[in-house]
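Remarks on the structure that follows.
Every chain is numbered from 1, with letters handed out A, B, ... down the list of sequences.
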Amino acid sequence: MPELKIEVIPEGTVIDHIPAGKWLKVIEILGLTKPNGGTLLIASNVPSKKLGRKDIVKVEGRYLSEEEVNKITLIAPSATVNIVKDYKITEKFRVGIPEEIFDILRCPNPNCISNREYVKSRFHVVSKEPLKLRCHYCERTIEGDEIPGNL
Amino acid sequence: MDWTGRDVVSIREFSKDDIEFVLKVAERLEGELSKKGSLDYARGKILATLFFEPSTRTRLSFESAMHRLGGSVIGFSSAASTSVKKGESLADTIKTVEQYSDIIVIRHPSEGAARLAAEVAEIPVINAGDGSNQHPTQTLLDLYTIKRAFGSIDGLTIGLLGDLKYGRTVHSLAEALAFYDVELHLISPELLRMPKHIVEELREKGVKVHETTDLEGTIPELNVLYVTRIQRERFPDEEEYLKVKGSYQVNQTILKNAKDGLKIMHPLPRVDEIHPEVDKSEHALYFRQVFSGVPVRMALLGLTLGVL
């Protein structure tokens with residue numbers, strides 16, 4: 001058991017098992033980089049049995065919903081989420097894949113209208129395992145390395 | 001089925017019942033038109049045709065369809081003469097045009113443009129081609145042509161020939177044919193084979209699919225041969241284009257072993273993939289196919305306007 005290097009939070013959300021190096025992307029996607037997003041505690045490159053190395057993000061004073069956290073599934077499919085109330089974990093869940101993904105991923109097709117006009121990107125999940133998405137606009141499907149490459 | 005206000009953006013959104021319904025209404029309108037000469041279902045309605053890319057058949061047949069329904073048409077056939085040239089966004093163009101019209105038909109070089117237009121507009125939007133993505137009204141008129149020629153689509157053996165890799169027409173047509181009990185022969189040069197995911201999807205839906213490079217050997221099997229042009233503009237690489245250019249030509253010699261009832265289709269324009277000598281033969285169905293564009297588009301305009 002590695003020594004605990006960041007303090008326990010009394011209230012809030014702990015996102016654990018984030019692939020090492022992805023914490024910045026996670027807080028960006030969750031909108032936690034804004035000043036009013038709550039105090040953040042970040043541990044990066046922490047030894048992990050499951051992942052080798054992992055990142056942990058603790059958000060003090062804010063409870064993130066399952067729906068909000070699902071947004072990070074594309075970059076941190078292994079993440080687990082703990083809701084902490086009065087120093088106790090009251091709820092625990094793994095991130096899941098939503099039916100649709102909004103405004104996170106850029107369409108890799110340069111000729112897609114979503115890359116040419118002021119449009120929020122939108123993808124439909126065609127298959128969860130392996131993950132395959134279809135652009136709502138140009139209808140191209142993307143999978144594999146193309147997905148993290150366009151975040 | 002009430003289609004009032006519905007957008008026609010992608011053939012993916014059509015069920016078999018939807019397709020059959022459109023074909024039935026098109027057939028009814030074709031009959032009424034040949035009896036009366038002109039109809040007045042869409043009197044007082046205005047169609048806006050926004051063609052950001054060149055087209056002969058699609059634009060003229062939509063306009064003809066609207067006139068035949070008794071409506072009128074405004075629009076443009078190139079973006080060069082519009083405010084798009086000044087940098088106006090597609091969304092703003094659509095919001096403007098919908099103030100002047102009751103329905104919009106759009107062709108645009110970017111994939112997804114029709115979907116965006118449909119989301120922005122309150123009035124119905126029909127996709128007349130968005131880049132290399134969808135051209136749903138072409139698929140419907142192709143199905144209509146086959147149905148009118150054979151009475152039924154079920155039971156036919158159909159060959160798709162040419163550029164099966166980049167051709168949006170053959171992708172949509174193959175997906176729509178999967179609703180029917182058909183056998184498909186996919187004939188193309190190795191470099192231009194139908195994308196694997198489409199072939200898999202067809203097989204999953206129970207279509208018997210054969211992939212081949214041999215046109216001559218396949219012709220005797222077919223009831224329909226759907227020929228497509230190898231489109232230079234879709235190739236990322238000129239060298240790749242030159243390798244496959246002129247791979248196939250349908251001519252009287254190659255048709256010697258064809259079934260008597262074989263019908264040849266082509267979305268047009270053609271270059272050299274069908275020899276003009278075939279035009280006079282019993283096999284040629286491609287100009288009839290052009291004609292089908294009008295009743296099918298009349299049906300779609302009338303249904304989405306809610307005037308039929």
What's the separation between atom OG1 in T141(A) and atom NE2 in H197(B), rounded to the nearest 0.5 Å?
5.0 Å
[atom1] of [X]: more than 12 outside heavy atoms within 6.0 angstrom?
X: K120(A); atom1: NZ; answer: no
X: Y100(B); atom1: OH; answer: no
X: E239(B); atom1: CD; answer: no
X: E122(B); atom1: CD; answer: no
X: K128(A); atom1: NZ; answer: yes
X: E238(B); atom1: CD; answer: yes

Residue selection (most heavy-atom pairs with chain B, distance under 4.5 Å) from P110(A), C107(A), C112(A)
C112(A)
Between N109(A), N115(A), I113(A), which has the largest tally of heavy atom pairs under 4.5 Å with chain B?
I113(A)
Answer yes when R122(A) and E119(B) have at least one side-chain N-carboxylate O distance shorter than 4.0 Å, and no when they do not.
yes
Residue part contacting chain B, namely of N111(A), when any heavy atom lies under 4.5 Å
both
Looking at L90(B), is its backbone amide N or carbonyl O close enough to the side chain of E117(A) to form a donor-acceptor pair, meaning the two atoms are under 3.5 Å apart?
yes
Could you tell me whether a side-chain N or O of D130(B) sits under 3.5 Å from a main-chain N or O of C138(A), the two making a donor and an acceptor?
no
Evaluate the side-chain proximity of R12(B) to R134(A): yes if any heavy-atom separation is below 4.5 Å, no if none is.
yes
Determine, stepwise, if the pair R140(A) / S132(B) fulfils side chain to side chain contact (heavy atoms under 4.5 Å, CB included).
CA-CA 10 Å; R140(A) 295 258 172 103; S132(B) 62; 3.4 Å; yes
